[in-house]
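Order of appearance sets the numbers: ligands from 1, and atoms from 1 within every ligand.
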Amino acid sequence: MKKIEHIGIAVANLEQANKLYSTILNSKPYRIETVESEGVITSFFKCKDTNIELLQGIDEKSAISKFIKKRGEGVHHLAFEVDDIVSEIKRLKELGFEIINEKPKKGAGNKLICFIHPKSTNHVLIELCQKIK
Ligand code: ZN
């Protein structure tokens, strides 16, 4: 693991949350992107080496909408950057972690991503991400 690439925060209203985080961080989001496959609209803010990802569900079926319904808005996942996502998935799987998608998928910001199930990580959803070169 290289660093915490971003912290994902589930929000009910992205427009409002963008204003709030623009005020807190004193900068505008550097990217706003819809990821259809994940059912989310995301916005990213820079905070030195770590980014903040705000996520709003596209509709009620979205995992983010379900998360908010169940647990309310708040921290949704931690994303660690890795150099080789395939070997990290293999390593963690062999150690007994439950990988949600063993085949990495394309996420926001031209990255390959996978998630580790919170039940094997003290109820914190962990994302691994690797930049696509
Ligand atoms: Zn993320």
Side-chain angles (χ1 to χ4, degrees):
M1 309 279 169
K2 291 170 75 179
K3 62 171 188 179
I4 293 182
E5 208 279 336
H6 64 267
I7 297 167
I9 300 171
V11 303
N13 183 322
L14 192 65
E15 210 182 305
Q16 269 179 21
N18 278 340
K19 280 186 194 142
L20 180 76
Y21 278 87
S22 295
T23 305
I24 293 171
L25 297 167
N26 201 19
S27 65
K28 297 250 177 281
Y30 65 89
R31 185 173 60 240
I32 295 178
E33 183 179 347
T34 299
V35 187
E36 295 282 352
S37 58
E38 295 292 302
V40 293
I41 313 170
T42 64
S43 64
F44 282 87
F45 291 82
K46 273 240 165 304
C47 184
K48 217 166 179 191
D49 285 343
T50 304
N51 304 310
I52 303 291
E53 175 185 31
L54 304 179
L55 306 114
Q56 182 196 315
I58 287 174
D59 56 31
E60 279 174 21
K61 285 176 287 176
S62 152
I64 292 296
S65 308
K66 286 179 189 158
F67 175 90
I68 291 174
K69 208 169 174 188
K70 204 166 146 194
R71 298 172 61 173
E73 293 181 292
V75 173
H76 179 259
H77 64 271
L78 288 184
F80 295 102
E81 186 179 332
V82 299
D83 282 324
D84 181 348
I85 197 166
V86 173
S87 71
E88 281 299 318
I89 290 170
K90 186 170 175 279
R91 182 179 74 87
L92 293 169
K93 200 186 166 210
E94 280 168 7
L95 291 169
F97 289 92
E98 189 181 322
I99 313 294
I100 294 174
N101 57 301
E102 285 181 33
K103 195 175 180 302
K105 55 189 175 182
K106 205 156 173 233
N110 201 34
K111 290 192 289 272
L112 287 174
I113 62 168
C114 90
F115 288 97
I116 304 171
H117 200 286
K119 74 181 172 200
S120 53
T121 56
N122 298 72
H123 299 280
V124 176
L125 178 62
I126 290 179
E127 174 185 337
L128 303 181
C129 62
Q130 178 195 331
K131 285 189 185 122
I132 299 172
K133 282 157 199 159

Please confirm if an N, O or S atom belonging to Glu53, backbone or side chain, lies less than 2.8 Å from the Zn ion (ligand 1).
yes
If I take every N, O or S atom of Cys129, is at least one of them less than 2.8 Å from the Zn ion (ligand 1)?
no
The Zn ion (ligand 1) as vertex, arms to OE1 of Glu127 and NE2 of His77: angle to 10°?
80°
Asp83 side chain reached by Lys2 side chain, heavy atoms, under 4.5 Å:
yes
Is the side chain of Glu98 donor-acceptor paired with the backbone N or O of His117 at a distance under 3.5 Å, no angle test?
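Judged by distance alone, no pair lies under 3.5 Å.
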Indicate the ring-plane relationship of Tyr30 and Phe44, choosing parallel, tilted or perpendicular according to the 30° and 60° boundaries.
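Rings of Tyr30 and Phe44: tilted, 30 to 60°.
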Around atom CZ of Phe45, are there more than 12 heavy atoms of other residues, nucleotides or ligands at under 6.0 Å?
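Yes, enclosed.
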